[in-house]
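Working notes, structure below.
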Amino acid sequence: MLRIAVPNKGSLSGPAADMLHEAGYQQRRESKELRIVDPVNEVEFFYLRPRDIAIYVSSGKLDIGITGRDLLIDSGANAETILPLGFARSTFRFAAKPGTATGLADLAGKTVATSYEGIVDKYLAEHGIDAAVVHLDGAVETAIELGVAEVIADVVETGTSMRNAGLEVFGDPIMKSEAVVIRRTGADTDEAAEPKVQQFLRRLQGVLVARTYVMMDYDCRVEQLEKAVALTPGLESPTVSPLHNEGWVAVRAMVPAKEAQRIMDDLYDIGARAILTTAIHACRL
């Protein structure tokens, strides 16, 4: 069986379980379950702390895992990203009291508090900055107020928690993160596991496409078909079928969901009618 690590809690857990369910995999019914077997799909899921997943995968005990890119890099594990999943997006940045730091050079000689010392150490070394890094678990905003550090490095989503702590972000983002599928570096040489891994990735890619696109159907006059197809080119090309009424055709194409309403307006303006959109639940490209 393919052995897969899944986050057991936190912001990664729910969306990961939802995506796996959409991909046709059985998921646990209770949060206390640490392992389940999906015999139909020949997959075994292990529910682990997100921070530990990269370590388990790099050891070779588990074939692949879902975790955050930030957690993967911070762990220093011998594992690599093989598919970004598009959820749990975040930005990692430096913050300090207003007026005390404006750029990376201002970190020289200072102490930086963070829960991600692996990321910060690597970033500072790459930029030639000599600064001390202190590891703290949990919220790090109070580190400056209590005199533990002059600067913090943490995940920033809206910046509200930083402002509430009297801090402001500065400099360029350290990194951008999202949920990713990972596997041990060089593991693609395992011929026995590779077909199952590729099937798993195809399923998740199908979910990503299904979430991104909708199917659009409409009728239009033949003389307007060229303009209509320019608006809905599809992934390769649209399906065009003649209608019973002479001079009319039915068109079907996948279009980006976020642009669907605009495309419908544009199609209507050139004379298309009976314009419909339908959600896509699964696909293979």
Side-chain angles (χ1 to χ4, degrees), residues 1-90 92 115-119 121-122 135 137 155 175-211 282 284:
M1 284 193 171
L2 192 67
R3 295 157 63 87
I4 302 175
V6 182
N8 67 343
K9 60 182 179 180
S11 61
L12 291 166
S13 178
D18 290 342
M19 177 169 280
L20 291 169
H21 178 73
E22 290 179 47
Y25 292 103
Q26 179 182 333
Q27 289 297 286
R28 62 181 181 175
R29 297 181 179 180
E30 297 182 4
S31 60
K32 293 181 180 179
E33 293 181 278
L34 301 179
R35 169 185 169 274
I36 68 165
V37 175
D38 181 349
V40 174
N41 293 300
E42 298 184 330
V43 173
E44 190 173 8
F45 291 103
F46 294 82
Y47 296 87
L48 307 170
R49 290 179 67 247
R51 278 190 172 273
D52 298 336
I53 287 176
I55 303 299
Y56 280 105
V57 172
S58 69
S59 72
K61 301 300 182 182
L62 300 179
D63 298 301
I64 52 181
I66 296 176
T67 188
R69 180 180 288 118
D70 53 350
L71 298 175
L72 167 62
I73 295 175
D74 190 60
S75 71
N78 185 34
E80 60 186 356
T81 296
I82 56 175
L83 179 67
L85 296 177
F87 64 85
R89 288 191 171 102
S90 61
F92 200 67
S115 299
Y116 300 80
E117 71 273 20
I119 294 175
D121 279 333
K122 181 180 178 181
H135 174 81
D137 285 321
V155 171
M175 70 167 294
K176 293 183 181 294
S177 181
E178 65 179 302
V180 294
V181 179
I182 66 171
R183 73 185 307 182
R184 182 169 55 86
T185 303
D188 55 354
T189 57
D190 185 349
E191 295 181 1
E194 189 61 18
K196 296 179 181 179
V197 171
Q198 293 305 316
Q199 181 187 66
F200 179 79
L201 294 178
R202 282 195 300 271
R203 288 196 181 191
L204 294 190
Q205 287 168 333
V207 172
L208 292 173
V209 173
R211 289 178 173 183
R284 297 289 185 276

Exercise. According to the side chain to side chain donor-acceptor pair (under 3.5 Å) rule, which pairs have a member within residues 9-26, sequence neighbours left out?
Worked result: E22-R211
Seminar exercise, completed: Heavy atoms of A88 and L12 approach each other most closely as CB-CD2, 3.6 Å
For this session: State the CZ-NZ distance between R3 and K196, to the nearest 0.5 angstrom.
Result: 11.5 Å
For this session: Search all heavy atoms of G68 against all heavy atoms of S177 and return the closest pair with its distance.
Result: C-OG, 4.1 Å
Seminar exercise, completed: Note: P7 and Y47 closest approach over all heavy atoms is O-CD2, 4.2 Å
Problem set entry | R284 vs R203, side chain to side chain contact (heavy atoms under 4.5 Å, CB included): CA-CA, chis, key distance, verdict | CA-CA 8 Å; R284 297 289 185 276; R203 288 196 181 191; 3.2 Å; yes
Problem set entry | Contacts of Y56 that satisfy ring-ring contact (aromatic ring centres under 6.0 Å, His included) - sequence neighbours left out | none
For this session: Kindly indicate, with the supporting measurements, whether the criterion side chain to side chain contact (heavy atoms under 4.5 Å, CB included) is fulfilled by I36 and D38.
Result: CA-CA 7 Å; I36 68 165; D38 181 349; 5.8 Å; no
Exercise. Are the side chains of D70 and F92 in touch, meaning some heavy atoms are under 4.5 Å apart?
Worked result: no
Exercise. Any side-chain heavy atom of F45 within less than 4.5 Å of one from Q27?
Worked result: yes
For this session: Answer yes or no: is there a side-chain heavy-atom contact under 4.5 Å between Y116 and V155?
Result: yes
Exercise. Roughly how far apart are T81 OG1 and I73 CD1, rounded to 0.5 Å?
Worked result: 7.0 Å
Exercise. Of all heavy-atom pairs between D74 and E117, which one has the smallest distance, and what is that distance?
Worked result: OD1-N, 3.3 Å
Exercise. For the atom pair CD1 (I55) and CG (L48), what is the distance rounded to the nearest 0.5 Å?
Worked result: 11.5 Å
Problem set entry | Check: F200 and L20 side chains under 4.5 Å, non-hydrogen atoms | yes
Seminar exercise, completed: Heavy atoms of L72 and I182 approach each other most closely as CD2-CG2, 3.8 Å
Problem set entry | For the student: nearest non-hydrogen atoms of A16 and V6, plus distance | CB-CG1, 4.4 Å
Problem set entry | Separation between CG of D52 and CG of L62, rounded to the nearest 0.5 Å | 11.0 Å
Exercise. Any side-chain heavy-atom pair from R35 and E44 closer than 4.5 angstrom?
Worked result: yes
Exercise. Can you find a pair of side-chain heavy atoms, one from P50 and one from N8, that are under 4.5 Å apart?
Worked result: yes
Exercise. How about Q199 and R202: do any of their side-chain heavy atoms sit closer than 4.5 Å?
Worked result: yes
For this session: Decide if atom CZ of R29 counts as having more than 12 heavy atoms of other residues, nucleotides or ligands within a radius under 6.0 Å.
Result: no
Problem set entry | Interatomic distance, I66 atom CD1 to L204 atom CG [nearest 0.5 angstrom] | 6.0 Å
For this session: Check whether any side-chain heavy atom of F46 lies under 4.5 Å from a side-chain heavy atom of I53, and answer yes or no.
Result: no
For this session: Nearest 0.5 Å please: distance from the NE2 atom of H135 over to the OG atom of S115.
Result: 6.0 Å
